[in-house]
Protein chains: 2
Amino acid sequence: MILFTIREAAEKCGISSYTLRYYEKIGLLPPPKRDSAGRRCYTETDLRFMWFLKSVKETGMSLEEIHEFVKDGCIMEKIHLDVPIKELTPSLNRRIEILTKHLENMEAKKKELEEVIAATKSKLDSYHSMLSEG
Amino acid sequence: MILFTIREAAEKCGISSYTLRYYEKIGLLPPPKRDSAGRRCYTETDLRFMWFLKSVKETGMSLEEIHEFVKDGCIMEKIHLDVPIKELTPSLNRRIEILTKHLENMEAKKKELEEVIAATKSKLDSYHSMLSEG
DNA sequence: CTACCTCTTAGAGGTAACTCTAAGTCAAGC
DNA sequence: GCTTGACTTAGAGTTACCTCTAAGAGGTAG
């Protein structure tokens, strides 16, 4: 299994080491394994989770909402440990609710971006014609 | 000519009165006319400008960049006052540069949104199938 | 061995963008 | 004529999110 130091993880996922420790402290990232000297060792699964966190954050989810999303740990791990689906249903439903809301926000943002992109293009056109014709 | 109080302007453009005064103070909005009692009176042109400001801000332009964009006043007004295009060319070129950069940022944001929207949909699908099949 | 780099921690400091407060003015309604 | 409420100002406070510092320990290169 490949393991990464905090610096490698930071470089790979585009979140600074400072921020990774901060996220761990406030409960957004699970505490990773440690090496013999007590240093953090991240797995590829950890990195995938960081990528997910970064994606939703950059598309507008607040840290508080992310916290609400992640608060009862890794679902996949629980499935592997044969926790019955029945017990996971509340978690799953909450996650579905949060992601559905976030999806709506992202669709709205995308729509606004498209509108402002169009308006900006037309403004640029009018500036260009002022320069060439005016 | 229709005139609006700061509260009406705030309501119409979706920026609070506090923020409108703040924007004026830091030079993002031109000082509007005042009534006999010294209160701000906004024109429809002022409102259109607020809408523009809000659009670029919400799509990720910083107040500093907006300041750089607006810093030498209303170009249309100068054109009406018969300022020769030659004198306006530096302003126009700077505005074109800023808007072109912002357009690129918006396109990148839109692309990221599309990717995260797709990833989120697929995650939602997998949650739904855990609930129904798992 | 010593210098250097990166790691650890708790907690302080910084930044962007508001958001509100305090103290006071002004005009309208009762 | 007095209250109400919106307005004015300068400037302090708030929020979200980092970002860094200080103090100290472990491992590596010269």
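Here is how names work: the chains are called A, B, and so on, in the same order as the sequence lines, proteins then strands, and each is numbered from 1.
- Straight-line distance from the CD1 atom of A:Ile26 to the P atom of D:dT19: 13 Å, rounded to whole Å.
- Of the candidate nucleotides D:dC7, C:dC18, D:dC17, C:dC18 has the atom nearest to the side chain of B:Tyr22.
- Rounded to a whole Å, the CG atom of B:Asp35 is 11 Å from the C1' atom of D:dA6.
- OP1 or OP2 of D:dT8 has at least one side-chain nitrogen or oxygen of B:Arg21 nearer than 4.0 Å.
- Candidate nucleotides D:dT19, D:dC18, D:dT8 were compared by shortest atom distance to the side chain of A:Tyr18, and D:dT19 ranks first.
- In this structure, NE2 of A:His67 is placed 15 Å from C1' of D:dC17, rounded to the nearest angstrom.
- Side-chain heavy atoms closer than 4.5 Å link hydrophobic residues (I, L, V, M, F, W, Y) into clusters, and following such links, even through other members, never connects A:Leu81 to A:Met76.
- Rounded to a whole Å, the CD1 atom of A:Ile6 is 13 Å from the P atom of C:dT6.
- Summarising the geometry, the separation between CZ on A:Arg34 and C1' on D:dA25 is reported as 14 Å, rounded to the nearest angstrom.
- Both the sub-6.0 Å distance and the 45° axial angle are not jointly satisfied by B:Lys57 relative to the ring of B:Tyr23.
- Among the heavy atoms of the strands, none lies under 4.0 Å from B:Ser16.
- The side-chain heavy atoms of B:Arg7 and B:Glu11, taken from C-beta on, include a pair separated by under 4.5 Å.
- A close approach under 4.0 Å does occur between a side-chain nitrogen or oxygen of B:Tyr23 and OP1 or OP2 of C:dC18.
- Between A:Lys54 atom NZ and D:dC17 atom C1' there is a gap of 15 Å when expressed in whole angstrom units.
- Formation of a donor-acceptor pair under 3.5 Å by the A:Arg94 side chain with backbone atoms of A:Glu68 is found in this model.
- Checking the phosphate oxygens (OP1, OP2) of C:dT9, no side-chain nitrogen or oxygen of A:Arg39 falls inside 4.0 Å.
- Within the structure, every side-chain polar atom (N or O) of B:Lys25 is placed at least 4.0 Å from both OP1 and OP2 of D:dG11.
- Of the candidate nucleotides D:dT8, C:dT8, D:dC18, D:dC18 has the atom nearest to the side chain of A:Leu63.
- Distance CZ (B:Arg40) to P (C:dC26): 15 Å, rounded to an integer number of Å.
- Annotation: of the two residues near DNA chain C, B:Met61 and A:Ala37, the 5′-most nearest-nucleotide partner is A:Ala37.
- Taking atom CG on A:Leu20 and atom C1' on D:dC17, their separation rounds to 14 Å, with Å as the unit.
- Judged by a 6.0 Å distance limit and a 45° cone about the ring axis, A:Lys12 is not positioned over the six-membered ring of A:Tyr42.
- Within the 4.0 angstrom heavy-atom criterion, no nucleotide atom of any strand lies near A:Ser17.
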